[in-house]
Amino acid sequence: MRILVIEDDADLAQFLRKGLEEEQHTVETAADGETGLILATDDNFDLLVVDVMLPKLDGLTLCRRLREKGKRTPILLLTARDAVEDKVAGLDAGADDYLTKPFAFTELVARVRALLRRGGPHAGSRLKAKDLEMDPASRRVWRGGKEIVLTSKEFALLEYLLRNRDIVLTRTAILERVWGLNYDPMTNVVDVYIRSLRVKIDRDFTSPLIATVRGVGYKLETGE
């Protein structure tokens, strides 16, 4: 799943990124409310983790503006305030859950799982292309009924291809989506992981799904 963490405390943001990536999520971060609002509005994330006290635009206002724009992405608010009225204000602003700092990371992960199970714009639905099937919730992939074990990045890359099947995706777009906005654009990591995915997804099957678009990038081709 793709999670956006909007948190101005750099150490906490990095801690959350590392921990959530270890849970096999793809994580992007924003350090202020304005940047977070732009990313959350223009992109499709499965979950937002939002600090209440943010520079430029506070977390409650960010929640309200997203809901006013019709964005239904689940939101988990983080705050040091534990009064009942603060929690009510957060939920009334459009948040789906509320976690008080300091918190145990295991509790945050449990709340993330619960929100993802509850479902956002993409959560819970299986992705399919011909005989390839992915269950994002359980992190499992099958082709022709045979389960295929993927690494975290392979899974994130295949999920991006599946969500955009039959659409050509540039290497830059794949880098930004799967590896994050600050990844070196000159790296060949996309090609390396595409080769690895092909071995697992296509090699033992007569009909390859991953196609190269010379000079541009890749697409998951169904011909449908």
Quiz item: Going from CD1 on Ile6 to OG1 on Thr35, what distance comes out if it is rounded to the nearest 0.5 angstrom?
Solution: 9.0 Å
Quiz item: Is any side-chain N of the basic residue among Arg64 and Glu68 closer than 4.0 Å to the acidic one's carboxylate O?
Solution: no
Practice problem: Kindly compute the distance separating CG (Leu20) from CG (Leu108), expressed to the nearest 0.5 Å. | Solution: 6.0 Å
Quiz item: Counting distance only, does the side-chain N/O of Arg67 pair as donor-acceptor with the main-chain N or O of Lys71 below 3.5 Å?
Solution: yes
Practice problem: Kindly work out whether a path of hydrophobic side-chain contacts (I/L/V/M/F/W/Y, heavy atoms less than 4.5 Å apart) joins Val141 to Ile210. | Solution: yes
Self-check item: Non-hydrogen atoms of Gly59 and Val50 that approach each other most closely
Solution: CA-CG1, 3.9 Å
Practice problem: Establish whether Leu66 and Met53 are linked, either directly or via other cluster members, by ILVMFWY side-chain heavy-atom contacts under 4.5 Å. | Solution: yes
Can you list, pair by pair, the side-chain donor-acceptor contacts under 3.5 Å of residues 190-197, counting residues two or more places apart and other chains?
unit_1	atom_1	unit_2	atom_2	d
Asp191	OD1	Arg171	NE	2.9
Asp191	OD1	Arg171	NH2	3.2
Asp191	OD1	Tyr218	OH	2.5
Ser196	OG	Glu154	OE2	2.4

Quiz item: Hey, which of Val112, Ile3, Leu78 is the one that makes side chain to side chain contact (heavy atoms under 4.5 Å, CB included) with Leu16?
Solution: Leu78
Self-check item: Nearest heavy atoms of Ala31 and Pro55, plus distance in Å
Solution: O-CG, 3.6 Å
Quiz item: If you look at every heavy atom in Gly94 and Ile75, which pair is closest and at what distance?
Solution: O-CD1, 4.4 Å
Quiz item: Around Arg139, counting heavy atoms of other residues, nucleotides and ligands shown, do more than 12 lie under 6.0 Å from its CZ?
Solution: yes
Quiz item: Quick one: do Ile167 and Ile201 end up in the same hydrophobic cluster if we chain Ile, Leu, Val, Met, Phe, Trp and Tyr together by side-chain heavy atoms under 4.5 Å apart?
Solution: yes
Quiz prompt | Path from Leu220 to Phe205 over hydrophobic side-chain contacts below 4.5 Å | solution = no
Quiz item: If every non-hydrogen atom of Lys146 is compared with every non-hydrogen atom of Asp204, which pair is closest and at what distance?
Solution: NZ-OD2, 4.3 Å
Quiz item: Measuring from Arg17:CZ to Glu28:CD, what's the distance to the nearest 0.5 Å?
Solution: 7.5 Å
Show me the side-chain donor-acceptor pairs of residues 98-105 shorter than 3.5 Å, one per line, residues at least two apart or across chains.
unit_1	atom_1	unit_2	atom_2	d
Tyr98	OH	Arg81	O	3.3
Lys101	NZ	Glu7	OE1	3.3
Lys101	NZ	Asp51	OD1	3.1

Quiz item: What distance do Asp92 atom CG and Lys87 atom NZ have between them, rounded to the nearest 0.5 Å?
Solution: 14.0 Å
Practice problem: Starting at CD of Glu147, measure out to CZ of Arg140 and round the result to the nearest 0.5 Å. | Solution: 4.0 Å
Self-check item: Exam field: side chain Asp202 to backbone Leu209, donor-acceptor pair closer than 3.5 Å
Solution: yes
Practice problem: Evaluate side chain to side chain contact (heavy atoms under 4.5 Å, CB included) for His25 paired with Leu116, printing each intermediate quantity in order. | Solution: CA-CA 11 Å; His25 299 294; Leu116 292 174; 3.6 Å; yes
Quiz item: Do you know which two heavy atoms are closest between Leu77 and Gly90, and how far apart they sit?
Solution: CD1-CA, 3.6 Å
Quiz item: Can you find a heavy atom in the side chain of Lys219 that is under 4.5 Å from one in the side chain of Arg165?
Solution: no
Quiz prompt | Arg65 vs Leu57 side-chain heavy atoms within contact, under 4.5 Å | solution = yes
Quiz item: What is the minimum heavy-atom distance between Lys200 and Val149, and which atoms define it?
Solution: NZ-O, 3.3 Å
Exercise. State yes or no: do Leu91 and Leu62 share one hydrophobic cluster built from I, L, V, M, F, W and Y residues joined by side-chain heavy-atom distances below 4.5 Å, directly or via other members?
Key: no
Quiz item: What distance separates Leu169 CG from Thr172 OG1, expressed to the nearest 0.5 Å?
Solution: 11.5 Å
Self-check item: Expected output: side-chain Asp43 to main-chain Leu39 donor-acceptor under 3.5 Å
Solution: no
Quiz item: Any sub-3.5 Å donor-acceptor pair from Asp8's side-chain atoms to Asp32's backbone N or O?
Solution: no
Practice problem: Answer yes or no: is there an ion pair linking Arg2 with Asp46, defined by an N-O contact shorter than 4.0 Å? | Solution: no
